[in-house]
Amino acid sequence: MRKLSLIALCGIFLFAACNKSKTNEQQETALTEETPIAGAKYCAAYDVLQENLKKDPGLQARMDAIEEFTARYEANPAAFRVLTNGDLEVPVVVNVLYSNSAQNISDAQIASQIAVLNADFGGTNSDLNLTSTYNNVKFTSTSTLPKIRFVLVNTVRKATTTTAWGTNDAMKRASSGGIDATSPTTTLNIWVCNLSGGILGYAQFPGGTAATDGVVCDDNAFGTTGTAAAPFNKGRTGTHEVGHYFNLRHIWGDKRCGSDGVGDTPAHTGANYGCPAAGIRSSCSGRPVMMTMNYMDYTDDACMYMFSVGQAQRMNATWALGGPRASLR
């Protein structure tokens with residue numbers, strides 16, 4: 001989502017990097033990686049995915065297997081539940097890379113992002129009910145939540161002479177000046193640094209290489225205080241990228257009227273930007289009302305505030321028994 005949030009899937013890695021415009025754009029303009037809107041932030045996820053599929057012959061098979069498992073989970077979630085209360089508690093390590101004192105973000109800024117993740121994934125965010133447009137697919141009980149909680153277990157800090165980082169995962173490798181991931185099969189690693197090219201963040205999808213697994217966020221789009229800057233200062237870049245980490249796609253399916261693999265999200269003409277009014281219709285078949293307030297769109301932080309029940313099921317499938325992120329348990 002933000003500065004450029006790129007779903008990057010690198011080498012054999014699946015990445016989610018996504019970008020968002022800072023101004024209101026025409027809502028019915030299709031956003032594709034091949035033809036980005038002039039002057040707008042955009043996500044190169046689809047382009048990078050196509051390149052990585054060419055590089056890694058086994059990647060498509062792994063992704064297909066994850067989709068098949070997800071379908072089985074959605075058909076019968078109870079068959080895969082193994083935790084007593086059905087919840088997942090995710091340990092989080094935040095890796096901070098800084099070339100100046102401002103980029104060495106405070107513990108308070110990190111804590112604010114963890115709090116946002118827990119509110120957004122727990123359906124307790126105060127802005128959840130800003131619109132009634134999609135009450136039918138909002139969380140109505142604890143049984144419809146993603147059931148994921150985040151606990152900060154460590155912060156790793158490192159001074160660097162690198163003033164800006166790209167999307168080649170250099171920040172994830174000590175050998176290239178970054179910070180190696182901490183126990184990536186059992187821990188969510190988040191790298192916070194200054195990203196170049198207007199990128200707000202990116203994430204690796206399930207199925208990629210363990211050593212580079214996790215989420216990257218620009219420090220100006222991380223948490224709700226400190227260096228976090230409007231309109232991306234409510235922690236929703238983190239929510240969006242962690243959504244990718246748990247196998248959610250952009251709501252428009254990365255192409256005009258594409259599919260995000262979720263049954264209760266409407267078809268979108270493309271990404272939405274800024275803070276659009278509820279009720280905007282797409283030009284897709286049936287002209288459905290777009291879910292512009294969904295965390296997996298590109299709207300400003302203040303105007304995105306919900307996952308759907310179907311998205312929650314899809315995320316829960318990743319860490320269910322046999323799922324691609326089951327090791328997080």
Side-chain angles (χ1 to χ4, degrees), residues 1-2 5 18 20 22 24 85-90 92 94 105-152 188 190 192 200-201 215 217-246 248 251 262 264-265 272-280 289-313 315-316:
M1 293 184 337
R2 330 343 187 101
S5 189
C18 318
K20 296 172 55 177
K22 293 186 177 181
N24 290 319
N85 64 354
D87 292 350
L88 173 68
E89 188 172 83
V90 180
V92 179
V94 176
I105 61 173
S106 67
D107 290 343
Q109 185 169 347
I110 293 171
S112 74
Q113 180 64 73
I114 300 299
V116 169
L117 290 176
N118 281 321
D120 291 350
F121 282 80
T124 61
N125 51 303
S126 60
D127 51 1
L128 177 62
N129 294 311
L130 282 182
T131 178
S132 60
T133 304
Y134 278 103
N135 279 344
N136 61 317
V137 295
K138 287 181 183 177
F139 306 138
T140 56
S141 68
T142 56
S143 65
T144 61
L145 292 170
K147 292 185 171 296
I148 302 170
R149 299 290 296 170
F150 302 88
V151 178
L152 179 68
L188 167 59
I190 302 177
V192 183
L200 291 178
V215 165
C217 286
D218 183 82
D219 71 287
N220 296 137
F222 188 77
T224 63
T225 188
T227 62
F232 309 122
N233 60 341
K234 292 186 176 295
R236 266 57 192 272
T237 291
T239 300
H240 178 103
E241 301 305 342
V242 173
H244 284 315
Y245 175 83
F246 283 108
L248 294 186
I251 197 169
V262 179
D264 62 6
T265 57
N272 292 284
Y273 296 89
C275 202
I280 296 174
V289 173
M290 291 190 282
M291 195 181 284
T292 60
M293 66 292 299
N294 193 281
Y295 293 125
M296 303 314 294
D297 205 336
Y298 272 6
T299 49
D300 292 349
D301 277 21
C303 296
M304 55 166 56
Y305 36 82
M306 67 169 286
F307 288 121
S308 73
V309 171
Q311 287 174 318
Q313 288 183 312
M315 287 189 281
N316 288 341

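Hydrogens, waters and symmetry mates play no part in the numbers below; they use all other heavy atoms, side chains included. Worth saying up front: this structure is predicted, and the values here are computed from it rather than measured.
- Applying the salt bridge (Lys or Arg N to Asp or Glu O under 4.0 Å) test to Asp264 and every residue at least two apart in sequence or in another chain returns nothing.
- In this structure, the side chains of Leu130 and Met293 stay at 4.5 Å or more apart for every pair of heavy atoms.
- Put simply, the side chain of Val92 reaches to within 4.5 Å of the side chain of Ile114, judged on heavy atoms.
- Applying the side chain to side chain contact (heavy atoms under 4.5 Å, CB included) criterion to Thr124, with sequence neighbours excluded, gives Ala119.
- By the ring-ring contact (aromatic ring centres under 6.0 Å, His included) test, Phe150 pairs with Phe121, sequence neighbours left out.
- Remark: Phe222 engages no residue in a ring-ring contact (aromatic ring centres under 6.0 Å, His included) (not counting sequence neighbours).
- Atom CG in Asn125 sits 11.0 Å away from atom NZ in Lys234 (nearest 0.5 Å).
- In this structure, the side chain of Gln109 does not engage the main chain of Thr224 through any donor-acceptor pair within 3.5 Å.
- Taking all atoms of both residues into account, the shortest heavy-atom contact from Met315 to Pro146 is CE-CG, 3.8 Å.
- At distances below 3.5 Å, at least one donor-acceptor pair connects side-chain atoms of Thr227 with backbone N or O atoms of Asp219.
- Within the 4.5 Å cutoff, the side chain of Met296 has no heavy atoms near those of the Met291 side chain.
- In terms of the side chain to side chain donor-acceptor pair (under 3.5 Å) criterion, residue partners of Asn135 (sequence neighbours excluded) are, by chain and number, Lys138.
- Under the 3.5 Å distance criterion, the side-chain polar atoms of Asp218 are matched with a main-chain donor or acceptor of Asn220.
- In this structure the side chain of Gln311 reaches within 4.5 angstrom of the side chain of Asn294, judged on heavy atoms.
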*List the steps, then state whether side chain to side chain donor-acceptor pair (under 3.5 Å) holds for Asp301 with Tyr295.*
CA-CA 9 Å; Asp301 277 21; Tyr295 293 125; over 6 Å; no
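- Residue pairs meeting the salt bridge (Lys or Arg N to Asp or Glu O under 4.0 Å) criterion with at least one member in residues 111-136, sequence neighbours excluded: Asp120-Arg236, Asp127-Arg236.
- Of all the heavy atoms in Gly235 and Val116, the pair that sits closest is O-CG1, 3.7 Å.
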